[in-house]
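Chain letters run A, B, ... following the sequence lines, proteins first and then strands; every chain starts at 1.
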Amino acid sequence: MTAYLKLDHIDKSFARGIQVSEVLKDIRLTIDKGEFVSIIGHSGCGKSTLLNLIAGLTKVSAGAVLLEDKEVDSPGPERAVVFQNHSLLPWLTVYENINLAVSKVFGRSKSRAERHDWIMRNLDLVQMAHAKDKRPAEISGGMKQRVGIARALAMEPKILLLDEPFGALDALTRAHLQDAVMDIHSRLGSTTIMITHDVDEAVLLSDRIVMMTNGPAATIGEVLAVPLARPRRRVELSSDRTFLRCREAVLKFLYERHRFVEAAE
Amino acid sequence: MSIQTIEDTKVKAFPAKPAAVIAFTAKTRRRFDLLAIAGKLARALVPPAIVIAIMLVVWQIACSSPTSSLPPPSQVWNEAYDLIAHPFFDNGPQDIGLAWRVLISLQRVAIGFGLAAIVGVALGALVGQSIWAMRGLDPVFQILRTVPPLAWLPLSLAAFRDSSPSAIFVIFITSIWPIIINTAVGVRNIPEDYRNVSRILRLNQFEFFVKIMVPAAAPYIFTGLRIGIGLSWLAIVAAEMLTGGVGIGFFIWDAWNSSRLPDIIVALAYIGVTGFCLDRLVAAVGAFVTRGTTAK
């Protein structure tokens, strides 16, 4: 069986004048359909760059991103991104924000009534149907992120890319949203890649955790499979042997073997 | 011993007091609101009214000597009473009320400023979006925008060979620069996230312009439009003084030639009030259109 998404020997370097800084080096990863993969690493290791490469928002320097054996090098709705700071358009209501995506992606294939139902279904999925006529400024940070997720899901993406989606939220809201994402993943079986720097979050949500070494020229240090049955419940898992073992493995990787050294300048 | 004392200590039950419930009685707010509105109006209107009254009094005293070169307010009121009381009279081609003249000038401004708004936003978007357009056009704009409005008039008269289109062209060329420059700044300041959203959705250039660029840059665009409308009102009066016709600017020139100073003063008041209204109108439209866009 061929991989659904394949990152084939990807290098990425940024050139500023004559100075070239190598960010990512020789990234090799295959992801199966329906898998939930987290990418974890210290800040500055290039994990967001990696997500942008998969999304096509930045171009690879060498190697290729292959989705269903086809190379992708420009952004598109089949690789929807949920941005860290939601990036909803503030002049549109929640409904209109999603409608912008839906009418672009399904403008030809769905009728107006079908598109409306589809928007409402995705809003229901993140429990935000009640706020459909509100503007982003009128809802809380957690709600904005829910709408961001609904907008991404409404594009019916082949791969859902989450760029530290809960990074700016408080712990309780974060837990609610993690549950929502787990629930959506179990219902839709969407292939998901999530960038995070939260060890618990990575272990709780993922099938596999990709651990990045520190930059410059960061690469994949280790990939950890999380053999926990779904559905997962955070309270039960907090004392689960496997959960604790996985958590320890990630912590050891991040804080013993690849300790983050603040660049002294 | 010590154990004993601890056991002896009786735990006093804290007397459970029922929490005092303070009922919030809904006040009848209506009368208060009326009072508040009246107070607000008074705060806004009374101070300027007092200032204007003082100015009129000072003016009256300063110009009341028979040798004074300018008319006092009382003389303005007496001699230009027709103009003040009947803004809409119409006694033939050159004898019409000031309101008509203002409307004719406004019509020219509407055409010139409307064209400037359309072309200015389009050019500003181009300059803001493309680094090469900016490198090429920005220096040219920066030089042209410093040319005073009336300096364009002879060239414009030569090109159009008619006074009305020339006046409109002067409006256009005067008001377009702030619109271009502000739009360009607004477009350059569109957050990268919005661009990424549009790239993921694969919006084409036109969709990006209508759905993301214009609303995102709207606060900047309206700042430009507001400066532009002010400049075009400045320019039309000056342009009409030179080109003739029936606008408010020509009226002032005509009144000067026939030594009707009170008429000029009334016309100045009309121009000032109209300019103020135009500015407020654009500001109000801007506030309405951009509601919610600036909030994060």
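Seen from the ring of B/W132, B/R135 counts as a face-on cation partner, given the 6.0 Å and 45° thresholds.
Of the N and O atoms on the side chains of A/S206 and A/S38, at least one donor lies less than 3.5 Å from an acceptor on the other residue.
Under a 4.0 Å N-O distance rule, the pair A/D183/A/R187 qualifies as a salt bridge.
Only the backbone of A/L88 comes within contact range of chain B, with at least one heavy atom under 4.5 Å from a heavy atom of that chain. Only the side chain of A/E78 has a heavy atom closer than 4.5 Å to any heavy atom of chain B. With a 4.5 angstrom heavy-atom cutoff, A/A55 does not touch chain B via any of its atoms.
A/I18 is linked by a side-chain contact (heavy atoms from CB on, under 4.5 Å) to nothing, counting only residues two or more places apart in sequence or in another chain.
Ranked by heavy-atom pairs under 4.5 Å with chain A, the list B/N196, B/I200, B/L203 is led by B/I200.
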